[in-house]
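Each remark here refers to the structure printed beneath this line.
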Amino acid sequence: MTDAPMPVRQGFHLVEPSPWPIVGAGFVFLTALGLIVFMKDLAIAGLRPGPGLLLIGIAGILFTMAGWWRDVILEAEGGYHNPVVRHGLTLGMLLFIASEVMFFVAWFWAFFASSLGAHDPQVYGRLDFTGGIWPPKGVEVLDPLRLPLMNTFVLVTSSFAVNVAHDNLREGDRRGFKNFLALGIALGVLFVFTQAYEYIHAPFAFKNSIYGATFFMATGFHGAHVIIGVIFLFVCLARAWAGQFTPRQHTGFQFAAWYWHFVDVVWIFLFSCIYIWGSWGAPIEGAVGGG
């Protein structure tokens, strides 16, 4: 792609009939079904199909993402994304991020309702689970100043690298754009693997623990968003190597950068509220005299 004028196309672009919405919805349903069957360890005719259904569903979602992204890229390359269309796409992305904000508000709400109301006798079983304190009695927590703090620096640095890549693209420095974008992706992958290690070695479990449930749901969904963001940025890197972005037209990468910064901001709130404030005063795993 060059900065040459795009074909003149007035008004909104009406896309051709697409199979991806219904196909994607079907695979999302299959993923949810597989996750439920897997977590409940349900058996059907002597078999446990949960893991298989889950893998098929996830593979189908990735297939849908690839196909849908391909179609949108072809529309952009064909000159259909005129200023009117780009304005509509921008509003759509902003509304999507706003909906994601409210999604995480729900998990923060669950966490604060549990932590600030740990002594509430009107909530059935609350005192039995928490002992009237937060973190609940008998819970050892992760040291927020070790792996979580390191991961915070990793993700913030990744967001900084993506921002520098954006600046390089706008200035026409394609080499710097690709290098910093690759760095941002690599740091995002490091964040995911570090958090997976943290999950494996966590001193508390998801089951039978109000602390573990709120912790893993909030941070786990954030981890899923990081994975999605890494895929988004990787697609942009592949497009950059194909020469599909220009200083004036790079809407797809701009959306990816916005999403990545959103993921970074959510993590800062998670780290501050759940890892630091939410674990204050509890025994730390491995600490001398802990437990």
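Nothing here was measured: the structure is a model prediction, and the numbers come from that model.
Here salt bridge (charged side-chain N to carboxylate O under 4.0 Å, His left out) pairs that include residues 217-236, with residues two or more places apart or in two chains, number zero. Residue pairs that meet the salt bridge (charged side-chain N to carboxylate O under 4.0 Å, His left out) test with at least one member in residues 28-43, sequence neighbours left out, are Asp41-Arg48.
Ring centroids of Tyr275 and Phe215 are separated by less than 6.0 Å, placing the two rings close together. Aromatic pair Phe103/Phe221: ring centres closer than 6.0 Å. Two rings, from Trp260 and Phe255, have their centers 6.0 Å or more apart. Taking the ring centroids of Trp68 and Phe63, they lie at or beyond the 6.0 Å cut-off.
Put simply, Val28 and Ile22 are part of the same group of oily side chains (I, L, V, M, F, W, Y) that touch within less than 4.5 Å, one to the next. Ile228 and Phe193 fall within a single hydrophobic cluster, where Ile, Leu, Val, Met, Phe, Trp and Tyr side chains are chained together by heavy-atom contacts under 4.5 Å. Both Phe104 and Phe96 are assigned to one and the same hydrophobic cluster, defined by single-linkage of ILVMFWY side chains at heavy-atom distances under 4.5 Å. Tracing side-chain contacts under 4.5 Å through hydrophobic residues (I, L, V, M, F, W, Y), one never reaches Ile200 starting from Phe206; they form parts of separate clusters. Under the 4.5 Å side-chain heavy-atom criterion for grouping Ile, Leu, Val, Met, Phe, Trp and Tyr, Leu53 is not connected to Ile36 through any hydrophobic cluster.
Atoms CE and CZ, from Met150 and Phe191 in turn, are 9.5 Å apart once rounded to the nearest 0.5 Å. Rounded to the nearest 0.5 angstrom, Phe160 CZ and His261 NE2 are separated by 10.5 Å. Rounding to the nearest 0.5 Å places CZ of Phe232 at 11.5 Å from CD1 of Ile185. With rounding to the nearest 0.5 angstrom, the CG atom of Leu190 is 9.5 Å from the OG atom of Ser158. Atom NZ of Lys178 and atom CG of Leu183 lie 15.5 Å apart (nearest 0.5 Å). Between Glu198 atom CD and Thr194 atom OG1 the span is 9.0 Å, to the nearest 0.5 Å.
Checked by atom type and distance alone, the side chain of Trp20 never pairs as donor or acceptor with a backbone atom of Met65 at under 3.5 Å. In this structure a side-chain-to-backbone donor-acceptor pair under 3.5 Å is missing from Ser159 to Val156. The main-chain N or O of Ala218 is never found under 3.5 Å from a side-chain atom of His222 such that the two would form a donor-acceptor pair. Of the possible polar contacts, none joining the Tyr259 side chain to the Leu233 backbone as a donor-acceptor pair under 3.5 Å is found. His87 places no side-chain N or O within donor-acceptor distance of the main-chain N or O of Pro83, the cut-off being under 3.5 Å.
With sequence neighbours excluded, no residue forms a side-chain hydrogen bond (donor to acceptor under 3.5 Å, both in side chains) with Tyr197. Contacts of Thr31 classified as side-chain hydrogen bond (donor to acceptor under 3.5 Å, both in side chains), with partners at least two apart in sequence or in another chain: none. For Gln254, the side-chain hydrogen bond (donor to acceptor under 3.5 Å, both in side chains) criterion is met by no residue, not counting sequence neighbours. Not a single side-chain hydrogen bond (donor to acceptor under 3.5 Å, both in side chains) links Trp258 to another residue, sequence neighbours left out.
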Exercise. Run the numbers on His166 and Phe177 for ring pair (Phe, Tyr, Trp, His ring centres under 6.0 Å), then give the verdict.
Key: CA-CA 7 Å; His166 198 179; Phe177 165 57; 8.3 Å; no
Quiz prompt | Derivation and outcome, side-chain contact (heavy atoms from CB on, under 4.5 Å), residues Ser115 and Tyr211 | solution = CA-CA 8 Å; Ser115 58; Tyr211 180 86; over 6 Å; no
Quiz item: Could you go step by step and tell me if Ile231 and Leu62 meet the side-chain contact (heavy atoms from CB on, under 4.5 Å) rule?
Solution: CA-CA 10 Å; Ile231 296 173; Leu62 295 175; 4.0 Å; yes
Practice problem: Decide yes or no on side-chain contact (heavy atoms from CB on, under 4.5 Å) for His81 and Gln249, but give the supporting numbers first. | Solution: CA-CA 10 Å; His81 289 181; Gln249 296 187 14; over 6 Å; no
Self-check item: Stepwise ring pair (Phe, Tyr, Trp, His ring centres under 6.0 Å) check, Phe112 with Trp277
Solution: CA-CA 11 Å; Phe112 282 113; Trp277 180 85; 5.6 Å; yes
Quiz item: Hey, mind stepping through Ile73 and Arg70 against side-chain contact (heavy atoms from CB on, under 4.5 Å) and telling me if it holds?
Solution: CA-CA 5 Å; Ile73 291 171; Arg70 180 205 61 189; 5.8 Å; no
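Between the side chains of Trp267 and Thr152, at least one donor N or O lies within less than 3.5 Å of an accepting N or O.
The only option from Leu155, Thr219, Ile276 that meets the side chain to side chain contact (heavy atoms under 4.5 Å, CB included) definition with Phe271 turns out to be Ile276.
Between Phe253 and Leu169, the closest side-chain pair of non-hydrogen atoms falls below 4.5 Å. Side-chain contact between Phe216 and Phe204: present, with at least one pair of heavy atoms (C-beta onward) separated by less than 4.5 Å. Two residues are said to be in side-chain contact when any heavy atoms from C-beta on lie closer than 4.5 Å; Arg170 and His250 meet this criterion. A heavy-atom distance below 4.5 Å is found between the side chains of Trp134 and Phe111.
The shortest non-hydrogen separation linking Ala240 to Arg174 is O-NH2, 3.1 Å. Nearest heavy atoms, Gln195 versus Asn151: N-ND2, 3.7 Å. Residues Val154 and Leu187 come closest through the heavy atom pair CG1-O, 3.2 Å. In this structure, Pro203 and Leu142 approach most closely via the heavy-atom pair CD-CD2, 3.6 Å. Shortest non-hydrogen contact noted between Phe27 and Ile61 is CB-N, 3.9 Å. For the residue pair Ile210 and Ser114, the shortest heavy atom distance occurs at CD1-OG, 3.5 Å.
Counting non-hydrogen atoms of other residues, nucleotides and ligands closer than 6.0 Å to CZ of Phe108 gives a total above 12. For CG of Leu91, the number of neighbouring non-hydrogen atoms (other residues, nucleotides, ligands) closer than 6.0 Å is greater than 12.
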